[in-house]
Every structure is written in structure tokens, then in C-alpha cells.
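To keep things clear, I will list the structure first and then write my remarks on it.
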Amino acid sequence: MTKIIKHIITVTKLARIIDTSDACRRRHSYKVERYSLLICRRLKLPEQEIKVIKIASMLHDIGKIGIDLTIIKKPAKLTIEEWEQVKRHPEIGANIVSQLGFFGEVSDVIRHHHSRFTGGGYPDASLSGNRIPIGSRIIAVTDAFDAMISDRPYRKAMSKEAAVKELARCSGTQFDPCIVDAFLSVNK
Ligand SMILES: [Fe+2]
């Protein structure tokens, strides 16, 4: 079996474990990967970059296995201390993935999937614009979209139309406008 097929099987199993650890995720990793691939194809990214983004999309929240599950599943607003714990998941995830021996870029993409386009995200608030890996900018959009259209213990799902409006509202601030445009053009 080739190394890449072994990697894909491992990633698929890991993504399933991440999603079943929290009932409200309901195949979230898989759906983020599907949406991210649509954007990659629309932007005509090179195949090697698409492989990296595919794996990173499926494993973007793997760091949550390092966070107390009672915080992850809490059906209410988090305290400041709990939120600080949750904010550690991109770094924990990047460290896990780098030890699994995937391409180094996967770890970088996971580390920055909560970066804001104009800066101020986490873990590195000073990172902004095109200095954020393109895979992270793509996952920021697809992760937010799927989260918005999914039920959470503390709120009901938004309609697809409302989620699209929210992406458009945050385009150029939280999200890279080129990525939002690409997503909205393929997700009608
Ligand atoms: Fe995340």
C-alpha cells in the first residue's frame, strides 16, 4: 500500500474519532473537507497543495482531544478560563499532526485555522492576510459555514441563506474575501 493511501485511511479514521467524540459535530470534519475541496478546485490550486488542505480539513480540530470534554460539550456560554482552554486546540492539533509524520504544511495549516484575515485571531494574533497559509484561510470559511448551519447545544442552526449573508458580512475582516467569493460561487 502506498504511503499516501495509508495516510488517507489514518486521517479518515481519526476524523471519525474526532466527530464521534462530540454528538453535535455530526460529520463536521468530513463536511469541512468537502467544502474545502470545492474551493481548492475553484481556485485551481496545485494537487500537492490540495492534498495538504484535504488532510488538514479533516484533522483541523484534532487538538480538541487535548481539551477537557466537559468544556467542549458544555451546553452554555464558556467562561473566560474555559475559552482560553479551547483556544489552545490549534496548537495542540498542530503538534499532534507533526508527530504523526504528515507533510509539514498540514501542521501549519491546522495551527492557523483560527487566524483572522485582518489579524487578531489565535494562536498568533499578529498573523494576517496572505501570511496566513491559504489552507488555513479556506478552513476558516468552511469551518464557520458548517458550524453556522448546524445545531449546537446552546443555539439552533442558521438557515443556509443567513450563513451565506454572515460570510459575506465578515468577508475582508474575519475571512479572506477571495476565499469567500470562491466558496459562494460554488456553494449555491
Ligand atoms: Fe477549530
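Count residues from 1 along the sequence. In each ligand, atom 1 is the first atom listed, and ligand 1 is the first ligand listed.
Here His113 meets the criterion, with an N, O or S atom under 2.8 Å of the Fe ion (ligand 1). Not a single N/O/S atom of Asp143, whether from backbone or side chain, sits less than 2.8 Å from the Fe ion (ligand 1).
Residues Thr173 and Arg116 bring no donor and acceptor atom of their side chains to less than 3.5 Å of each other. Residues His112 and Asp124 bring no donor and acceptor atom of their side chains to less than 3.5 Å of each other.
Note on Asp61: its N/O/S atom closest to the Fe ion (ligand 1) is OD1. The N, O or S atom of His89 lying closest to the Fe ion (ligand 1) is NE2.
Ion pairing between Lys87 and Glu84 holds under the 4.0 Å rule for side-chain N and carboxylate O. The existence of a salt bridge linking Glu33 and Lys51 is excluded, since no basic side-chain nitrogen approaches an acidic carboxylate oxygen closer than 4.0 Å.
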